[in-house]
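Residue numbers start at 1 and run along the sequence shown.
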Amino acid sequence: MTSSISWGLLLLAGLCCLVPSFLAEDAQKTDSSHQDHIMASNLADFAFSLYRVLSHQSNTTNIFLSPLSIATALAMLSLGSKDDTKDQLLQGLHFNLTETSEADIHKGFQHLLKTLNRPDNELQLTTGSSLFVNNSLNLVEKFLEEVKNHYHSEAFSVNFADSEEAKKTINSFVEKGTQGKIVDLVKDLDTDTVLALVNYIFFRGKWEKPFDPEHTEEADFHVDKSTTVKVPMMNRLGMFDVHYCDTLSSWVLLMDYLGNATAIFILPDEGKMQHLEQTLTKEHIHKFLLNRHTRSANVHLPKLSISGTYNLKKVLSPLGITQVFSNGADLSGITTDVPLKLSKAVHKAVLTLDERGTEAAGATVLEAVPMSIPPDVRFENPFVVIICDKHTQSPLFVGKVVNPTQ
């Protein structure tokens with residue numbers, strides 16, 4: 001672009017209300033299943049890249065984000081980008097453009113979002129996107145058609161000159177889409193903003209095998225060698241998919257939701273968090289989801305609610321996504337009225353872990369437990385959590401719990 005003046009704004013919202021839950025296990029086998037797994041593989045690479053950037057920035061804070069939400073918004077943005085700006089966005093999402101065509105990338109997102117948003121799912125999982133456009137701006141018709149066809153996104157006209165009203169409109173959209181879990185995402189709007197792209201993901205689930213609230217007791221959680229906090233610790237003796245992984249020097253616990261989602265909790269040995277973060281790959285996740293074995297165990301898991309809010313400009317830059325934020329950005333596929341750049345990219349995700357879910361469950365689970373002495377697995381030190389869709393193996397959320405009370 002020749003002009004040094006650029007406008008633009010990207011806003012992202014992701015939410016997980018991690019209480020126990022599930023996507024239909026009888027999910028239909030479609031011709032797109034292979035495509036789903038390719039998408040899942042790319043999303044996993046992207047997820048681990050994001051996670052490692054954040055863990056390098058700080059090893060003393062909680063991490064929680066939705067790689068799916070961020071990737072969806074960036075893929076939408078790429079529909080209106082050109083040349084190097086487009087290449088950086090798609091390569092930053094770990095797509096090999098010589099092996100996968102741009103058309104196939106967007107078809108992959110379209111099918112993945114359709115699969116996740118199926119109305120017959122028992123799992124409450126909803127994703128949504130919207131464009132908020134200044135009332136003086138004319139968008140390219142092809143861009144509008146493609147974001148609607150592939151990402152089910154609508155465009156709304158707003159007056160960004162009235163920044164307070166525009167902020168209220170955008171925040172209301174996010175708050176409604178996340179059922180009130182993410183409020184006031186937008187704290188301020190630049191005066192030259194002309195476009196806001198918003199993507200959210202809402203997830204609420206109930207454990208397939210809930211904890212009994214009567215067994216939740218206050219316990220110590222060791223943030224580090226010198227810091228210990230009190231947390232409500234859930235506890236259940238029963239049959240769990242839990243095992244010790246020598247490669248990761250960690251206990252690995254898989255807990256299913258009532259639906260097609262699984263939470264993977266990874267608890268490293270003392271002093272082994274860095275080893276876990278450097279060693280863990282998507283192949284490990286695939287293996288965990290594929291080889292399921294239950295055993296009796298006494299599991300202790302903290303009840304918590306944490307969130308992560310991120311300036312994605314800082315997070316995406318190490319992944320090579322830089323031009324879209326600069327005056328050299330080419331987003332002329334969105335509008336030719338003014339040169340655009342991405343001035344702000346915000347992502348927020350919220351994680352809630354409790355005994356059964358936000359909605360009370362009336363069922364009681366009774367299990368026969370072998371007489372052998374079960375291992376006592378206590379998540380009383382920092383641990384990693386990954387929430388996946390079992391059908392596609394796509395990572396919906398990734399995070400690290402360093403301090404459950406933060």
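Ring-centre distance between Tyr200 and Phe173: below the 6.0 Å cut-off.
With hydrogens and angles left out, the side-chain atoms of Lys282 and Ser41 include a donor and acceptor closer than 3.5 Å. With 3.5 Å as the limit, one finds a donor-acceptor pair spanning the side chains of Asn199 and Ser69. For the residue pair Asn403 and Asn62, no side-chain donor N or O sits within less than 3.5 Å of a side-chain acceptor on the partner. Side chains of Asp190 and Thr193: no donor on one and acceptor on the other come within 3.5 Å. Donor-acceptor pairing under 3.5 Å is recorded for the side chains of His286 and Gln393.
Residues Met239 and Ser296 are in side-chain contact: their nearest non-hydrogen atoms beyond the backbone lie under 4.5 Å apart. Side-chain contact check for Asp104 versus Phe95: every heavy-atom pair is 4.5 Å or farther apart. Counting heavy atoms from C-beta on, the side chains of His106 and Leu79 come closer than 4.5 Å. The shortest side-chain heavy-atom distance between Asn171 and Val183 does not fall under the 4.5 Å cut-off. The side-chain heavy atoms of Lys303 and Pro404, taken from C-beta on, include no pair separated by under 4.5 Å. Two residues are said to be in side-chain contact when any heavy atoms from C-beta on lie closer than 4.5 Å; Thr61 and Val402 fail this criterion. Inter-residue side-chain proximity for Lys341 and Phe325 is flagged as unmet; no heavy-atom pair is nearer than 4.5 Å. Between Leu253 and Leu267, every side-chain heavy-atom pair lies at or beyond the 4.5 Å cut-off.
Environment of NZ in Lys107: sparse, with no more than 12 heavy atoms of neighbouring residues, nucleotides or ligands closer than 6.0 Å. Residue-environment remark: CD (Glu270) stays at or below the threshold of 12 foreign heavy atoms within 6.0 Å. Annotation for Lys225: atom NZ does not count as buried by contact number, only 12 or fewer foreign heavy atoms lying within 6.0 Å. Crowding of Gln274 atom CD: a count of heavy atoms from other residues, nucleotides or ligands under 6.0 Å not exceeding 12.
Panel note: side chain His215, backbone Asp212; no donor-acceptor pair is recorded below 3.5 Å. The backbone N or O of Val223 sits nowhere less than 3.5 Å from a side-chain atom of Thr227 that would complete a donor-acceptor pair. Of the possible polar contacts, none joining the Glu217 side chain to the Met233 backbone as a donor-acceptor pair under 3.5 Å is found. For Thr279 (side chain) and His275 (main-chain N/O), a donor-acceptor pair under 3.5 Å exists by modelled atom type. Although no hydrogens or angles enter the test, the distance criterion places no donor-acceptor pair under 3.5 Å between the side chain of Ser55 and the main chain of Asn59. Side-chain atoms of Thr115 come within 3.5 Å of backbone N or O of His111 as a donor-acceptor pair. At least one donor-acceptor pair under 3.5 Å links the side chain of Gln110 to the backbone N or O of Asn149. Between the side chain of Asp83 and the main chain of Thr85, no donor-acceptor pair closer than 3.5 Å is present. Judged by distance alone, with hydrogens and angles left aside, the side-chain atoms of Thr228 form no donor-acceptor pair with the main-chain N or O of His222 at under 3.5 Å. A donor-acceptor pair is defined here as one N or O able to donate and one able to accept, closer than 3.5 Å; such a pair exists between the side chain of Thr281 and the backbone of Glu283.
Between Asp256 and Lys390 there is a salt bridge, since a side-chain N of the basic residue sits under 4.0 Å from a carboxylate O of the acidic one. Taking a cutoff of 4.0 Å between a charged side-chain nitrogen and a carboxylate oxygen, Asp84 and Lys86 do not qualify as a salt bridge. Between Arg292 and Asp241 there is a salt bridge, since at least one side-chain N of the basic residue sits less than 4.0 Å from a carboxylate O of the acidic one.
Scanning all heavy atoms of the two residues, the minimum distance from Gln91 to Leu97 falls at NE2-CD1, 4.0 Å. Minimum heavy-atom separation, Phe383 to Ile266: CB-O, 3.3 Å. Pairing each heavy atom of Trp251 with each of Pro375, the nearest pair is CH2-CB, 3.9 Å. Here the closest heavy-atom approach between residue Phe46 and residue Leu319 is recorded as CE1-CD1, 4.0 Å. Nearest heavy-atom pair, Val194 versus Leu137, reported as atom, atom and distance to 0.1 Å: O-CD2, 3.9 Å. Residue Ala349 comes nearest to Ser66 through the heavy atom pair CB-N, 4.2 Å, listed as atom of the first residue, atom of the second, then distance.
In this structure, CE in Met234 is found 4.5 Å from CZ in Phe211, a value given to the nearest 0.5 Å. Expressed to the nearest 0.5 Å, how far CG of Leu116 lies from OG of Ser394 amounts to 6.5 Å. With rounding to the nearest 0.5 angstrom, the CD1 atom of Ile63 is 13.0 Å from the CG atom of Leu351. With rounding to the nearest 0.5 angstrom, the CZ atom of Phe64 is 10.0 Å from the OG atom of Ser307. Rounded to the nearest 0.5 angstrom, Glu146 CD and Glu141 CD are separated by 11.0 Å. Taken to the nearest 0.5 Å, the CD1 atom of Ile285 stands 6.0 Å off from the SG atom of Cys388.
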Next item on the list: Test Val158 against Val133 for side-chain contact (heavy atoms from CB on, under 4.5 Å), laying out the working first.
Entry: CA-CA 6 Å; Val158 294; Val133 186; over 6 Å; no
Notebook entry, point to check: Can you list the steps and then say if Lys167 with Asp188 is a salt bridge (Lys or Arg N to Asp or Glu O under 4.0 Å)?
Noted result: CA-CA 7 Å; Lys167 186 171 68 173; Asp188 58 83; over 6 Å; no
Checklist line | Trace of the side-chain contact (heavy atoms from CB on, under 4.5 Å) decision for Asn134 with Asn159 | finding: CA-CA 5 Å; Asn134 198 49; Asn159 179 16; 4.3 Å; yes
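Ring geometry for His347 versus Tyr310: interplanar angle under 30°, hence parallel rather than tilted (30 to 60°).
For the side-chain contact (heavy atoms from CB on, under 4.5 Å) with Ser332, the qualifying choice from Asp330, Ile334, Thr335 is Asp330, the only one to do so. Residue Glu277 forms a side chain to side chain donor-acceptor pair (under 3.5 Å) with just one option from Lys272, His56, Arg52, Lys400, and that option is Lys400.
Cation-pi geometry between Arg236 and Phe240 is met: the NZ or CZ atom falls under 6.0 Å from the ring centre, inside 45° of the normal.
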